[in-house]
Amino acid sequence: MSSAKTTLQARHLVRSFGAGETKTTVLQEVSLDLYEGEVALLMGPSGSGKSTLLAVMSGLLRPDSGEVIALGQQIWQMSENEQRRFRLRHCGFIFQGFNLFPSLTAREQLEMVLRWSGGISSREAERRVEEILLRLGLEHRSDLTADQLSGGEKQRVAIARALLKEPTFCFADEPTSSLDWHNGEQVVQLLRTAARERGATIFIVAHDARIIPYADRVYYLEDGRLCGKAISQP
């Protein structure tokens, strides 16, 4: 694992919310490295700053200070347009709130991602969509709209959408929270496969300790600070 290529670095990240007497510092001098072909898991109690750290490292939330370096580029020195282009090209996101379009079918949610990405033939797009629907057990639900899907099915569509364009980075906020462990394990296996087979960098924020055996590195955050060194899995 020591020979793995560093793809994403956080350096001395600080992030606060509020002002004056109500100001709360959520991240306090957080530094960590993520690696190509690995699954990194960030754990910690509710309110510890896990989701905030994911948002800052993925270019969605500007830190008060510190640096995020992705593929050698300093994310927070980019313009907003450069950041958007970087996220579109390199990043997949799995949010707790699903963020699906209510009136689109599961299949349409996925097809739209590949249309936005560009450079993919319609035949290849169709193949990728069919393959991931099958792997996540959604092939018989693919023509239902988001409003007609259960919470677990919405989560699986959100995960499929994040992985479909084969991103360099995948940021997952509680990806198994709406799933029973049978489906949750499928999702974690899919994320691990994206790391192993495509060299993706996977960053998962979760409470679910059952994910630990599938992670290459486990970080713990408490009160906005990393606790000790990352635990590297064998």
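Formation of a donor-acceptor pair under 3.5 Å by the W76 side chain with backbone atoms of V56 is found in this model. For the pair R161 (side chain) and F98 (backbone), a donor-acceptor distance under 3.5 Å is present.
We find that E131 and R128 are not joined by a salt bridge, their nearest charged nitrogen and carboxylate oxygen being 4.0 Å or further apart. Comment: R11 engages D33 in a salt bridge, judged by a side-chain N to carboxylate O separation of less than 4.0 angstrom.
By the 6.0 Å contact criterion, CD on E130 is enclosed, its count of non-hydrogen atoms from other residues, nucleotides or ligands being greater than 12. Counted within 6.0 Å of CZ on R89, heavy atoms from surrounding residues, nucleotides or ligands total 12 or fewer; the atom is thus considered open.
Looking at V218 and I211, their side chains never come closer than 4.5 Å, going by heavy atoms from C-beta outward. Put simply, the side chain of Y219 does not reach to within 4.5 Å of the side chain of V30, judged on heavy atoms. Side-chain contact between P175 and V188 is absent, with no heavy-atom pair separated by less than 4.5 Å. Residues F169 and T201 meet the side-chain proximity criterion, which asks for heavy atoms closer than 4.5 Å. Side-chain contact between L13 and L32 is absent, with no heavy atoms from C-beta onward closer than 4.5 Å. Contact annotation: the side chain of R210 never approaches that of T176 to less than 4.5 Å [non-hydrogen atoms, C-beta and beyond]. Residues V129 and E126 are not in side-chain contact: their nearest non-hydrogen atoms beyond the backbone lie 4.5 Å or more apart. Contact of the S16 side chain with the T25 side chain is registered, since non-hydrogen atoms from C-beta on lie closer than 4.5 Å.
At a threshold of 4.5 Å between side-chain heavy atoms, the hydrophobic network of Ile, Leu, Val, Met, Phe, Trp and Tyr places L179 and W181 in one connected group. The hydrophobic cluster containing V14 does not contain L54, counting ILVMFWY residues as joined when their side-chain heavy atoms lie under 4.5 angstrom apart, directly or transitively. By the rule that hydrophobic residues join a cluster once side-chain heavy atoms approach within less than 4.5 Å of another member, L41 and Y220 end up as members of one cluster. Side-chain heavy atoms closer than 4.5 Å link hydrophobic residues (I, L, V, M, F, W, Y) into clusters, and following such links, even through other members, never connects L136 to L134.
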